[in-house]
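Numbers here are sequence positions counted from 1.
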Amino acid sequence: MALKATIFKLDLTIADIDRNHYASYSRMIARHPSENDARMMVRLLAFMLYADDELAFGKGLSTDEEPDLWLKDLTGAVDLWIVVGQPDERWLRKASGRAERVIVFSYGGRGAEMWWEQNRSTLEKLPRLTVFRLSLESTQALASLADRAMTLQCTIQDGELMITGAGDVVRIEPVVLLNTDKNSN
């Protein structure tokens with residue numbers, strides 16, 4: 001019998017001072033059986049940084065054809081393709097051909113560092129690609145906020161996120177490893 005996704009309910013308030021974006025979101029997030037809290041919460045962090053009413057969670061781990069999050073325009077063209085983890089550079093090349101912008105949120109300590117060193121020279125050639133790295137400590141702190149019914153507040157200023165939930169405060173400053181997107185914000 002196949003394992004089913006675990007559903008998390010989220011009420012999120014975002015004050016993104018950098019983008020002048022202030023909004024509240026209610027979402028259901030499905031955590032794939034092979035996904036841990038850290039990965040799910042990194043997906044949520046990506047949502048916070050690029051929040052938009054049309055930004056949607058993809059099937060992620062369930063399919064290779066969709067990103068973890070994406071934003072499509074009214075014609076169905078992909079404006080933003082967001083992936084979490086250490087994707088294969090061939091997969092990123094394909095994504096950069098399908099989307100206006102591709103964003104990677106790499107995390108996981110030494111594994112993330114090795115992935116970056118192995119793929120850096122190839123990734124630097126891809127247009128419209130941004131790669132962020134999150135520290136192991138940041139991801140662990142973020143994972144501690146995971147709860148089946150989450151109420152989170154996020155303030156973003158100068159690229160730093162302050163996420164509050166269940167009485168805990170987590171500060172995260174994603175490190176930009178690469179930005180070949182000349183039109184990025």
Side-chain angles (χ1 to χ4, degrees), residues 3-14 16 19 21 23-72 78-88 91-92 95 98-99 101-109 111-112 115-116 129-156 159-166 168 170-177 184:
L3 296 175
K4 295 186 181 205
T6 303
I7 303 300
F8 288 74
K9 293 179 183 176
L10 170 69
D11 287 315
L12 174 64
T13 303
I14 296 176
D16 188 338
R19 292 191 309 143
H21 179 83
S24 294
Y25 299 91
S26 289
R27 296 284 190 270
M28 304 279 263
I29 302 171
R31 187 184 71 197
H32 191 273
S34 65
E35 184 176 39
N36 60 26
D37 285 344
R39 186 179 192 288
M40 180 190 70
M41 293 302 287
V42 172
R43 286 193 296 136
L44 185 52
L45 178 133
F47 181 88
M48 292 174 192
L49 273 172
Y50 291 92
D52 184 284
D53 288 336
E54 301 304 317
L55 183 62
F57 288 94
K59 293 179 183 170
L61 292 173
S62 306
T63 179
D64 290 336
E65 298 302 314
E66 287 187 15
D68 291 299
L69 295 114
W70 54 3
L71 179 67
K72 295 180 181 181
V78 180
D79 284 334
L80 182 61
W81 181 290
I82 300 174
V83 63
V84 170
Q86 292 83 42
D88 182 78
W91 192 82
L92 287 174
R98 291 184 59 193
R101 295 184 298 157
V102 177
I103 313 291
V104 176
F105 284 90
S106 177
Y107 72 97
W115 170 82
W116 174 244
L129 175 66
T130 302
V131 178
F132 291 100
R133 182 180 63 221
L134 302 173
S135 73
L136 182 59
E137 297 79 19
S138 293
T139 0
Q140 289 172 340
L142 190 59
S144 73
L145 296 177
D147 189 42
R148 295 283 302 272
M150 292 183 275
T151 300
L152 301 175
Q153 295 80 39
C154 176
T155 302
I156 303 169
E160 181 181 15
L161 294 90
M162 183 176 69
I163 304 163
T164 306
D168 294 325
V170 174
R171 293 181 186 272
I172 298 178
E173 189 167 357
V175 175
V176 178
L177 296 176
S184 67

Glu173 side chain to Leu134 backbone, donor-acceptor under 3.5 Å: no
Distance from Leu44 atom CG to Leu152 atom CG, nearest 0.5 Å? 6.0 Å
Nearest heavy-atom neighbours spanning Ala46 and Leu69: CB-CD1, 3.8 Å
What verdict does the side-chain contact (heavy atoms from CB on, under 4.5 Å) test give for Arg101 and Thr130, after you've listed the backbone C-alpha separation in whole Å, the side-chain angles of each residue and the deciding distance to 0.1 Å? CA-CA 8 Å; Arg101 295 184 298 157; Thr130 302; over 6 Å; no
Sequence neighbours excluded, the answer for ring-ring contact (aromatic ring centres under 6.0 Å, His included) partners of Phe105 is Phe132
Any side-chain heavy atom of Leu145 within less than 4.5 Å of one from Met41? yes
Taking side chain as C-beta onward, heavy atoms only, is Leu80 less than 4.5 Å from Tyr50? yes
What are the two closest heavy atoms between Pro174 and Leu161, and how far apart are they? CD-CD1, 3.7 Å
pair Trp116-Ser106: side-chain heavy atoms closer than 4.5 Å: no
My understanding is that only residues two or more places apart in sequence, or in another chain, count here; which of them pass salt bridge (Lys or Arg N to Asp or Glu O under 4.0 Å) with Arg133? none
What pairs with Phe57 under ring-ring contact (aromatic ring centres under 6.0 Å, His included), at least two apart in sequence or on another chain? Phe47
Rounded to the nearest 0.5 Å, the CG atom of Leu142 sits from the CG atom of Asp168 at a distance of 11.5 Å
Check salt bridge (Lys or Arg N to Asp or Glu O under 4.0 Å) between Asp52 and all other residues, then give those that pass, not counting sequence neighbours. none
Residues in ring-ring contact (aromatic ring centres under 6.0 Å, His included) contact with Trp70, at least two apart in sequence or another chain: Trp81
If every non-hydrogen atom of Ala30 is compared with every non-hydrogen atom of Ala5, which pair is closest and at what distance? CB-CB, 4.0 Å
Flag side-chain contact, heavy atom, 4.5 Å: Met40 against Thr6: no
What is the distance from atom OG of Ser135 to atom CD of Gln140, rounded to the nearest 0.5 Å? 8.5 Å
I'd like to know if the side chain of Arg19 and the backbone of Ala51 have a donor-acceptor N/O pair within less than 3.5 Å. yes
Which residues pass the side chain to side chain donor-acceptor pair (under 3.5 Å) test with Thr139, not counting sequence neighbours? none
Do the side chain of Asp147 and the main chain of Met150 share a donor and acceptor less than 3.5 angstrom apart? no
Hey, what do you get for CD1 (Ile156) to CD1 (Ile163), rounding to the nearest 0.5 Å? 8.0 Å
Distance from Arg148 atom CZ to Ile7 atom CD1, nearest 0.5 Å? 8.0 Å
Let me see the working for Leu55 and Tyr25 under side-chain contact (heavy atoms from CB on, under 4.5 Å), right down to the final yes or no. CA-CA 11 Å; Leu55 183 62; Tyr25 299 91; over 6 Å; no
Value rounded to 0.5 Å, distance of CG in Asp53 from NE2 in His21: 6.5 Å
So, for Gly85 and Val104, which heavy atoms are closest and what is the spacing to 0.1 Å? O-CG1, 3.8 Å
For Arg43 and Ile29, the nearest pair of non-hydrogen atoms, with its separation, is NH2-CG2, 3.6 Å
So do Leu45 and Val84 actually touch side chain to side chain, heavy atoms under 4.5 Å? no
To check you understand the geometry: which heavy-atom pair defines the closest contact between Tyr107 and Gln86, and what is its length? O-NE2, 2.5 Å
